[in-house]
K.L.:
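Have a look at the structure that comes next, please.
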Amino acid sequence: MTLWTPRGLGLVAAALCGLSAGAAAHGIETPANQAVIASFDIIETRIVTDHGHAVFRTRVRADAGKATPRATGTFEGSEVYAYVWPTSLNSAEAGFEKDQGILALAVTFHPDFDDAAHGGRNRDRWHPHWVVLGEDRACPGGLKVKDIPEGARPKLPETWPGVPLLIDSPEYRTDLKADLVEVHIPLETLGAIATASFDGVTAGLRVNANLHTPLLCVTGIHKVASGNLSLPGKVVPGR
């Protein structure tokens with residue numbers, strides 16, 4: 001049994017991709033799809049280790065980071081755009097309780113709210129998060145960022161932003177330029193990365209208009225690098 005093909009996301013991915021991905025030295029290469037907006041049309045996804053960092057990279061057809069949500073002025077119902085690397089890493093690797101769901105790195109933009117650690121501002125820039133994803137049929141995309149139930153006190157990372165979600169807001173170097181999205185994570189914080197598997201996703205999320213659970217749903221998938229969320233990517237050891 002596998003956790004990495006959630007029913008809802010698998011169906012959306014199959015509908016939107018319709019293309020076969022190929023292996024490229026343990027990365028994932030995907031044919032361009034003109035039906036997908038260039039900013040979210042993944043053509044290559046990989047993770048390499050380099051000079052003490054795990055470097056998460058996604059290459060799109062053009063204009064990485066150019067498309068951003070329209071600001072609405074309210075938190076309720078607001079949108080989030082994201083470049084996501086779902087991984088096989090255990091949720092404990094990012095400071096959460098063990099075995100909580102799909103641990104994914106996400107680079108997000110959301111102009112209507114801040115979720116930086118320690119009350120910082122990040123609504124005006126693309127920025128990274130660790131998120132734990134779980135299935136929820138109430139979400140159009142079949143997945144949500146997992147909620148923290150009222151009264152629960154789970155283990156959380158030091159840079160948890162204080163929202164009732166399994167989300168972390170670390171300050172990793174994050175670059176979006178030309179056709180490339182790239183995040184540099186110190187290897188000392190990711191002990192199991194060398195044997196991890198991964199995939200690449202571009203997606204939209206939305207805050208629940210009523211602020212009830214699920215609070216943050218995946219609402220639409222632009223593209224899945226593998227086509228089926230099978231996590232075929234393997235980390236490439238570097239220097």
K.L.:
Is the backbone of Leu215 close enough, under 3.5 Å, to the side chain of Thr213 for a donor and an acceptor to pair up by distance?
P.N.:
no

K.L.:
May I ask you to say whether Arg137 pairs ionically with Glu135, meaning some side-chain N is under 4.0 Å from a carboxylate O?
P.N.:
no

K.L.:
If you measure only the distance, is there a donor-acceptor pair under 3.5 Å linking the side chains of His129 and Asp115?
P.N.:
yes

K.L.:
Which atom pair, heavy atoms only, marks the closest approach of Trp130 to Leu190?
P.N.:
CZ2-CD2, 3.8 Å

K.L.:
Does anything in residues 88-120 pair up under ring pair (Phe, Tyr, Trp, His ring centres under 6.0 Å), and if so which pairs, sequence neighbours excluded?
P.N.:
Phe75-Phe113, Phe109-Trp126, His110-Phe113, His110-His127

K.L.:
Heavy atoms only: give me the nearest Ile102-Pro86 pair and the separation to one decimal.
P.N.:
CG2-CB, 4.2 Å

K.L.:
Hey, what do you get for CG (Leu89) to CG (Leu103), rounding to the nearest 0.5 Å?
P.N.:
5.5 Å

K.L.:
Can you confirm whether Thr30 sits close enough to Ile43 that some side-chain heavy atom of one is under 4.5 Å from a side-chain heavy atom of the other?
P.N.:
no

K.L.:
Can you find a heavy atom in the side chain of Tyr83 that is under 4.5 Å from one in the side chain of Thr174?
P.N.:
no

K.L.:
Taking Glu76's backbone N and O only, do any of them form a donor-acceptor pair with Ser78's side chain (distance below 3.5 Å, no angle check)?
P.N.:
no

K.L.:
Would you say the side chain of Val145 lies within less than 4.5 Å of the side chain of Leu205, judging by non-hydrogen atoms?
P.N.:
yes

K.L.:
Assess whether side-chain contact (heavy atoms from CB on, under 4.5 Å) is satisfied between Thr195 and Val235, documenting all intermediate values.
P.N.:
CA-CA 7 Å; Thr195 57; Val235 176; over 6 Å; no

K.L.:
Rounded to the nearest 0.5 Å, what separation is found between the CZ atom of Arg123 and the CG atom of Asp112?
P.N.:
7.0 Å

K.L.:
Rounded to the nearest 0.5 Å, what separation is found between the CD1 atom of Ile37 and the NZ atom of Lys223?
P.N.:
13.0 Å

K.L.:
Can you name the side-chain contact (heavy atoms from CB on, under 4.5 Å) partners of Ala35, sequence neighbours left out?
P.N.:
Asn33

K.L.:
With sequence neighbours excluded, tell me which residues meet salt bridge (Lys or Arg N to Asp or Glu O under 4.0 Å) with Arg121.
P.N.:
Asp124

K.L.:
Please answer whether the main-chain N or O of Ala116 pairs with a side-chain N or O of Asp114 as donor and acceptor at a distance below 3.5 Å.
P.N.:
no

K.L.:
Does some side-chain heavy atom of Val236 sit less than 4.5 Å from a side-chain heavy atom of Thr49?
P.N.:
no

K.L.:
Could you walk me through whether Ser197 and Lys234 pass the side-chain hydrogen bond (donor to acceptor under 3.5 Å, both in side chains) test, one step at a time?
P.N.:
CA-CA 5 Å; Ser197 301; Lys234 301 296 181 183; 2.5 Å; yes

K.L.:
With a 3.5 Å distance limit and no angle check, can you tell me whether Thr108 reaches the backbone of Tyr81 through a side-chain donor-acceptor pair?
P.N.:
no

K.L.:
Listing request: all disulfide bond (SG atoms under 2.5 Å apart) pairs with a residue in residues 159-230, at least two apart in sequence or in separate chains.
P.N.:
Cys139-Cys217

K.L.:
Distance-only, no hydrogens or angles: does the Asn210 side chain make a donor-acceptor pair with backbone N or O of His212 under 3.5 Å?
P.N.:
no

K.L.:
Quick check for you: to the nearest 0.5 Å, what is the distance between Leu105 atom CG and Thr87 atom OG1?
P.N.:
8.5 Å

K.L.:
Quick one: side chains of residues 57-64, donor-acceptor pairs under 3.5 Å with protein atoms, not counting sequence neighbours, listed by atom name and distance.
P.N.:
residue	atom	partner	partner atom	Å
Arg57	NE	Glu182	OE2	2.5
Thr58	OG1	Trp85	NE1	3.1
Arg59	NH1	Asp179	OD1	2.9
Arg59	NH1	Asp179	OD2	3.3
Arg61	NE	Asp41	OD2	2.6
Arg61	NH1	Gln34	OE1	3.2
Arg61	NH2	Val36	O	2.5

K.L.:
Using the side-chain contact (heavy atoms from CB on, under 4.5 Å) rule, take Leu180 and Asp175 through it: C-alpha gap first, then chi angles, then the decisive distance, then the call.
P.N.:
CA-CA 8 Å; Leu180 188 65; Asp175 299 312; over 6 Å; no

K.L.:
Looking only at heavy atoms, what is the nearest atom pair of Leu229 and Val201, with distance?
P.N.:
CD1-CG2, 3.8 Å

K.L.:
Verify, without hydrogens or angle tests, whether Thr202 (side chain) and Phe40 (backbone) share a donor-acceptor contact under 3.5 angstrom.
P.N.:
yes

K.L.:
Is the distance between the ring centroids of Phe198 and Phe56 less than 6.0 Å?
P.N.:
no

K.L.:
What's the shortest heavy-atom distance between Ile148 and Leu156, and which atoms?
P.N.:
CD1-CD2, 3.9 Å

K.L.:
Strictly distance-based, threshold 3.5 Å: is any side-chain N or O of Asp199 a donor or acceptor partner for the main-chain N or O of Ser226?
P.N.:
yes

K.L.:
Output the distance between atom CG (Leu231) and atom CG (Asn228), rounded to the nearest 0.5 Å.
P.N.:
9.5 Å

K.L.:
Write down the atom of Ser88, the atom of Ala196, and the distance for their closest heavy-atom approach.
P.N.:
OG-CA, 3.5 Å

K.L.:
Of all residues at least two apart in sequence or in a different chain, which pass the side-chain contact (heavy atoms from CB on, under 4.5 Å) check with Gln100?
P.N.:
Ser91, Glu97, Val132, Lys146, Leu166

K.L.:
Run Val55 and Val183 through side-chain contact (heavy atoms from CB on, under 4.5 Å) and show every step you take.
P.N.:
CA-CA 6 Å; Val55 184; Val183 184; over 6 Å; no

K.L.:
Calculate, to the nearest 0.5 Å, the distance between atoms CG and CD1 belonging to Leu216 and Ile167 respectively.
P.N.:
7.0 Å

K.L.:
So, for Pro161 and Asp168, which heavy atoms are closest and what is the spacing to 0.1 Å?
P.N.:
CD-CA, 4.3 Å

